Amino acid sequence: MTLEQRYLDAKKTLFDKAYSSLNDMQKDAVFTVNNPLLVIAGAGSGKTTVLVRRIAFIIKYGNAYHSTYVPYGVDEEHVSSLEKAAENVDGEELEAILSQFSSSPCEPWRMLAITFTNKAAKEIKDRLASEVGNEDISKEVWAGTFHSICMRILRTHGEKVGYRAGFSIYDADDSKKAIATAMKNLNIDEKAFPIKVVANIISDAKNRLLNPEMFESEAGNDFRLKKVAAIYKQYQTTMMQSNVLDFDDIIMKTVELLDKFEEVRKNYQARFKYVCVDEYQDTNEAQFKLTALLAGGYRNLMVVGDDDQSIYKFRGATIENILNFDRVFSDAKVIKLEQNYRSTQTILDAANAVIKNNVGRRGKNLWTNAGAGEKIYVKKTEDQNSEARFIVDKINSYVSAKKAEFKDFAVLYRNNAQSSTIEKTFAKSGIPYRMLGGTRFNDRKEIRDIVAYLHVIENHDDRERLLRIINVPSRKIGDKTLEAVEDIAGEQGCSMFDVIENADKYKALEKSAGKLMAFADLINYLGGIAEDISIEGLIRETLDRSGYRQMLIDGGEPEQERLDNLDEFISGAIDYERSLENDPDLPPTLFGFLEENALVADVDKYDDKADAVVLMTVHSSKGLEFPIVFLPGMEDGIFPGMQSVMGSDAEIEEERRLAYVAITRAKRELFISHVNSRLLYGKTSYNPESRFLREIPDELVKRDEPFSQMRKLNSLPFDSGYDKPRYEKITINRNTSARPAAPMGKKETFNEGDVVEHATFGRGEILSAKIVGADTLYEIAFDKVGTKKLMASFAKLKKI
DNA sequence: GAAGGCGGTCTTTTT
DNA sequence: GACCGCCTTC
């Protein structure tokens, strides 16, 4: 063997040693630095680890591993010292030796890492900081979501694609409102063209990079599509006038920018030497084009994803991006990570067995050397209530047996509607829980209102937000006035705010000029002080001067929560300012705060420290893991959902991928349940066991289904704690002192016939009382509101 | 212009 | 079954 060859071998051995905590596939992915690379990363296969360590590797060593460069004058002594080091050197000493191999390492600022969530971006940054041991270096790396990175580009070059300084972002709700406005302008009936449908079509078009003109020509002679094209055109015009972008615009306009302006494109292409994209299976066409453009200079594009975890097709993701990556980039290397570090083999076998029924996939098989573990526990109960009690009882028995803590459990359901039963049952049983999803913080009315104020202060042209707040609190500015303002703005070719500011100059606004101009004064005053005071101060000032806070205070008790939410919003602003106060590159600004607020959803609400069971949809659980997972509602019609059962194979395949995600969240144990009859959306349905459950081989499963057994055997009476309602009916004899056990050991109890007073329902008579768990369920005939069933612990009842 | 009634809707939703 | 948004009503 030549000296050169020995040198190169020794180098690889040393690197392999330094990265020995990774498996061979992971190492291959870390060391493969140049040219397109596709990493198919199965659930729990250490994807983020690979991503982070690869970025750090590139920053430290560049292409050192595969480089065939041998320094001039390498001699026997040098080579044998390396060979020796490969045998007995470790830790820092090893690192020091490796540093000699650096081969055109990459400056951190030339490194781009794109994710889908802020959480993922933050995780990459944090782990990168500890991996390279230098926070400043990790900060220089461009790591962010598709949207934040595009906004960063648009902030510099936005005016080239038609945006004026201070442009802002519309979220899905805002943009629906703008679509409604566009439709009103065009006299298109919302019933014939439901906004939701139109919004989806427009969003789809944008994800396929079709501008209104292209969409129109694609629509051809299709009547409906032609109408939608007209709406799209109108919508886009008003969006530009309002100087706002929707989420899809952020990507599409950036692509347009890079496409049209060669010098901008060249600039970024020359800058980004390495580009990594996470969750590649969830990218859409526009995002594909964007990455191809940004990575187009050096073509060192790495994408990581799992085609089996593609669950966002309904939002425009095209699984083809990952399926065809190595066809589009014909020199791409493909690496599969199939070793799983999360779950037991039983759980992985189940997941593999389910997903292998999909046709549209690359194919892979997860394995672990963690051992088989417990069987999957399948439970059938009578209805959703007994299902929830089953979950509660399991959790309680595990916790009291010290087999687990509350925070080890997650309940993952297919749709949010399933959560209410579980939530109520948890609440009644005193199980601590946290629910993720549901109404987002930013979607609350009061938050949208204050955000709208801030946006209007920043950007007077923001039409929808102006309309949102101009009469909140009431300033006696009605629809007719606003229509007149709108007409004048149209005639004059100026914004509504311009008209409002100068209302006294227009005859049509004679009556309302004072009110309009007072509003303009308010906004201008706030805009004037915005420069000089903190964002926190501006928010407080806005709430006070606008009368918004007073409006809520006047609203009394029921509005208290809104006031609390506003306080939380203010804390968010304080956090934002603190986080950036020492950052010379990015000082805190109202613009920045609003942008962050638009792009950052419920900031990592999920912290795994609190000892509470987690409740969320399967979709939101992607990327997370839990020791013990419950999957309630494993029924055809729920999971897979009715729509997909009735729909195409492709839809069922997406649901199956979702099931795959659900199963692979579990580390130790998996409980799957389904019910005989389910009350959902006010209707009772009798769903058969999910086809996905039937795809799990019997030998992996332990079934606990007395209900179905009873049917089969059609014999013995049985007593299961779950299949019968668990309360006993108590008949109360008015003449005895026998009473139902006092719930929660406190409160007064009532008997049949007692007359009580309820805080909101008023006077009523107790019709019946049932012990339910540790509580009592009263049926009460109220004088005013009729008969209601109330839990004693929730209803504040007083005996009269 | 505010409040209450009714009727339509209800997968999933990283930004 | 529950919630939201539109429409009616005063």
Side-chain angles (χ1 to χ4, degrees), chain A residues 114-122 144-151 169-177 180 190-191 194-196 199-200 203 206-207 245-251 278-279 281-284 286-287 309-317 384 412-421 424 436-440 442-443 445 471-481 595-604 606 616-624 633 637-647 651 654-655 657-659 661-662 678-684 789:
Chain A
I114 311 178
T115 63
F116 271 82
T117 65
N118 294 294
K119 199 178 161 203
K122 189 172 178 298
T145 64
F146 271 101
H147 293 83
S148 71
I149 281 161
C150 285
M151 280 302 285
I169 301 169
Y170 271 11
D171 69 17
D173 248 52
D174 301 324
S175 100
K176 280 202 185 100
K177 277 206 173 128
E190 274 182 33
K191 291 211 177 72
I195 292 176
K196 226 183 118 176
N200 266 328
S203 171
K206 289 182 174 180
N207 292 335
L245 308 92
D246 64 27
F247 284 136
D248 302 316
D249 287 330
I250 295 174
I251 313 289
D278 193 11
E279 305 280 13
Q281 75 282 354
D282 290 332
T283 52
N284 59 39
Q287 287 157 338
Q309 291 187 68
S310 161
I311 55 173
Y312 285 103
K313 195 178 168 196
F314 69 96
R315 293 192 74 232
Q384 73 279 356
L412 310 178
Y413 33 81
R414 178 63 184 80
N415 58 45
N416 280 309
Q418 285 169 259
S419 69
S420 67
T421 310
K424 276 180 209 151
L436 297 190
T439 332
R440 292 224 208 113
N442 285 339
D443 287 344
K445 188 181 172 301
N471 204 31
V472 179
S474 170
R475 300 187 175 86
K476 305 273 153 76
I477 299 171
D479 289 345
K480 259 187 268 159
T481 307
E595 183 182 316
E596 185 172 296
N597 190 65
L599 294 180
V600 177
D602 284 352
V603 241
D604 304 5
Y606 174 68
M616 69 179 113
T617 64
V618 179
H619 278 89
S620 0
S621 75
K622 202 178 83 174
L624 302 174
I638 302 288
F639 197 176
M642 211 50 195
Q643 309 233 349
S644 52
V645 171
M646 297 300 189
E651 284 172 82
E654 172 124 336
E655 294 278 316
R657 290 191 291 272
L658 192 55
V661 169
R678 179 177 299 275
L679 180 66
L680 200 67
Y681 304 131
K683 272 206 287 224
T684 302
K789 286 184 181 165

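Quantities reported herein were computed from a predicted structural model and do not represent experimental measurements. So that the names make sense, note that chain A is the first sequence line, chain B the second, and so on, each numbered from 1.
If you take NZ of K313(A) and P of dT13(B), they are 18 Å apart, rounded to a whole angstrom. Rounded to an integer number of Å, the gap from CZ of F639(A) to C1' of dT12(B) is 10 Å.
The phosphate of dT13(B) has OP1 or OP2 within less than 4.0 Å of a side-chain N or O from S620(A). Residue S474(A) has a polar side-chain atom (N or O) positioned under 4.0 Å from OP1 or OP2 of dA2(B).
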Find every protein N or O atom lying less than 3.5 Å from an N or O atom of nucleotides 9-11 of chain B, and list the pairs.
| residue | atom | partner | partner atom | Å |
| --- | --- | --- | --- | --- |
| dT11(B) | OP1 | Q643(A) | NE2 | 3.4 |

Distances under 3.5 Å between protein N/O atoms and the N/O atoms of nucleotides 4-9 of chain C, please, pair by pair.
none

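Among the atoms of the strands shown, only primed sugar atoms or phosphate atoms (P, OP1, OP2) are found under 4.0 Å from some heavy atom of K476(A). When heavy atoms are screened at a 4.0 angstrom cut-off, I477(A) is found touching the sugar-phosphate backbone but no base atom. When heavy atoms are screened at a 4.0 angstrom cut-off, D282(A) is found touching base atoms of the nucleic acid. In this structure, S148(A) reaches neither bases nor backbone, as no heavy-atom distance under 4.0 Å exists between it and the strands shown. Base engagement by Y312(A) is indicated by at least one non-hydrogen atom pair under 4.0 Å involving a base atom.
Here dA2(B) is the nucleotide among dA2(B), dT15(B), dT13(B) with the atom lying nearest to any side-chain atom of N471(A).
Syn is the classification of dT11(B), since its glycosidic angle stays within 90° of 0.
Taking the six-membered ring for Trp, Y413(A) and H619(A) have ring centres at least 6.0 Å apart.
Proximity of a side-chain donor or acceptor of Q418(A) to a complementary backbone N or O of N415(A) within less than 3.5 Å is detected.
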